[in-house]
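See structure below.
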Amino acid sequence: MPKLRKRRLGFVLDMTPLVDITFLLLTFFMLTAKFKSEAESQQRFTIVRPQATADTSRLPDKDLAIIKIGIDTVVGDTSYYYEMTNEADWIQVIASLEQFQQAGQGQHVRQLKVNLTELNELVRRTRIVRPTTRFAIDADRRIRYKWVEDLMEVMRQNRATIFNFVTDRRPPEQAPM
Amino acid sequence: MGVADFGGEAKRERRGGTRRRKKMRRLRYRLDMTPLVDIAFLLLTFFMLTTTLITPQVMEMTIPPERTQIEVRQSELLTLRIRADGKLFYNLGTDAPQPISLRDLESLAVRENVRLKNRLITVLKASPNTSYGQVITVLDVLNRAELPITEQLAREGLRRERRFAIAPMSEQDEQEIASL
């Protein structure tokens, strides 16, 4: 009898494979995790993106200038917002503009609320600082098309003729309309 | 062990027993993995719950650098217009604009592009008052039509060259579709 009890107490589950898998998954999720950028954490609106058919083209994250058109959640008005992923370029672009330097107090601000003339200036400066910068338009699907039309005119004036519309994937079973 | 055991066997057992005991003592050293596993699972759960695997995708758009007047044949021009309420109208050349659903738009784009063998120019004019989402939906339908067009043209030995433009909506455009 005492022998039997001993055997039961000595039962050990081999945790090694479990721990192996856990760490594997942990590493995977840690490496693929993408945290909110500083610019995103500063914004006061959420963008309901338009949906498009699933595509393989993804938003590049290097040297990207994003022009957001969002509806403020508090006030409810639409506005343009400008941000860039390359921090060094962003500082350069901002440094050349006095009105933003004052408003933003240097480098802490990563996203600027701008109007069309300011946007024109920013796009122009960005093109000077780094001509290869890619542009993305991340607009809310509920806004009036006029906002995008005006923005495209600004892009045209600055010869930034290739840009991207940011969209969300449409679930495959959901056909348009 | 037992009294009835043979001497030799008992000896061997004893010897084996002592040896095993010695080995076991060395092996029995065990690191308590519980806190490690706890933390690992905690982090795993955190990263699994906070991660978003769906990254936004992009739709590339190219606009002509300048507003230049290019003369095109009316018969090779497909005009799509989106009214302020989101309704879609199309006309070929100088035909009268007709309403069209998004579903039919895809087959229309395929049919006309294949019929005119790459020469068709599609112009999209959207009312400034329509929603941006609607414009993207129409662009998406046109993008989806590209695959069958490319396939069908390839069958005829042609390479697909897309001719597409976004143009602002004039007042005349708006009047033409206002009452439809």
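Proteins get letters first, then strands, A, B, ... in listed order; numbering begins at 1 in each.
Under the 4.5 Å side-chain criterion, counting only non-hydrogen atoms from C-beta, B/I63 is in contact with A/F163. Counting heavy atoms from C-beta on, the side chains of B/I166 and A/M152 come closer than 4.5 Å. Inter-residue side-chain proximity for A/I162 and B/E60 is flagged as met; some heavy-atom pair is nearer than 4.5 Å. By the 4.5 Å heavy-atom criterion applied to side chains, B/P64 and A/R156 are counted as neighbours. The side-chain heavy atoms of B/F41 and A/T22, taken from C-beta on, include a pair separated by under 4.5 Å. Residues B/T45 and A/F29 form no side-chain contact, since every pair of their non-hydrogen atoms from C-beta on lies 4.5 Å or further apart. The shortest side-chain heavy-atom distance between A/D140 and B/Y132 does not fall under the 4.5 Å cut-off.
No continuous path of hydrophobic side-chain contacts links B/V141 to B/V110 [ILVMFWY only; heavy atoms under 4.5 Å]. In the hydrophobic cluster analysis, where Ile, Leu, Val, Met, Phe, Trp and Tyr join through side-chain heavy atoms closer than 4.5 angstrom, A/I47 is grouped apart from A/I67. Follow the hydrophobic side-chain contacts under 4.5 Å out from B/V114 and you never reach B/I121; the two are in separate clusters. There is no path of hydrophobic side-chain contacts, each under 4.5 Å, that joins B/I149 to B/L102. There is no path of hydrophobic side-chain contacts, each under 4.5 Å, that joins A/Y81 to A/V114.
In terms of heavy-atom pairs under 4.5 Å with chain A, the best-connected choice from B/T62, B/L36, B/V37 is B/T62.
We find the CG-CG distance between A/L26 and B/L43 to be 5.5 Å, quoted to the nearest 0.5 Å. Atoms CD and CZ, on B/Q57 and A/R49 in that order, are 10.0 Å from each other to the nearest 0.5 Å. Atom CZ in A/R170 sits 6.0 Å away from atom OG1 in B/T137 (nearest 0.5 Å). Between atom CZ of residue A/R144 and atom OG of residue B/S131 there is a gap of 11.5 Å, rounded to the nearest 0.5 Å. Interatomic distance, CG of A/L25 versus CE of B/M48, reported as 6.5 Å (0.5 Å rounding).
Panel note: side chain A/Q51, backbone B/G133; no donor-acceptor pair is recorded below 3.5 Å.
Between B/M169 and A/E149 the shortest heavy-atom distance is N-OE2, 4.1 Å. A pairwise comparison of heavy atoms in B/D140 and A/T53 identifies OD2-OG1, 2.7 Å as the closest pair.
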(message) Checking A/Y145 against B/N129 for the side-chain contact (heavy atoms from CB on, under 4.5 Å) test, could you report, in this order, the C-alpha distance in whole Å, the side-chain angles of both residues, the deciding distance, and whether it holds?
(response) CA-CA 6 Å; A/Y145 176 64; B/N129 292 319; over 6 Å; no
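The part of A/V19 that comes within reach of chain B is its side chain, from C-beta onward, which places non-hydrogen atoms under 4.5 angstrom from that chain. No part of A/D138 comes within reach of chain B, as not one of its non-hydrogen atoms sits under 4.5 angstrom from that chain. Residue B/L139 touches chain A through its side chain alone, counting heavy-atom pairs closer than 4.5 Å. Both the backbone and the side chain of A/A139 come within contact range of chain B, judged by heavy atoms closer than 4.5 Å. If you measure heavy-atom distances from A/I69 to chain B, you find no contacts under 4.5 Å at all.
Counting heavy atoms of neighbouring residues, nucleotides and ligands inside a 6.0 Å radius, atom CD of B/E156 exceeds 12 of them. Few gaps surround CZ on A/R125; more than 12 heavy atoms of other groups in view lie less than 6.0 Å from it. A 6.0 Å sphere centred on NZ of B/K125 holds more than 12 heavy atoms belonging to other residues, nucleotides or ligands.
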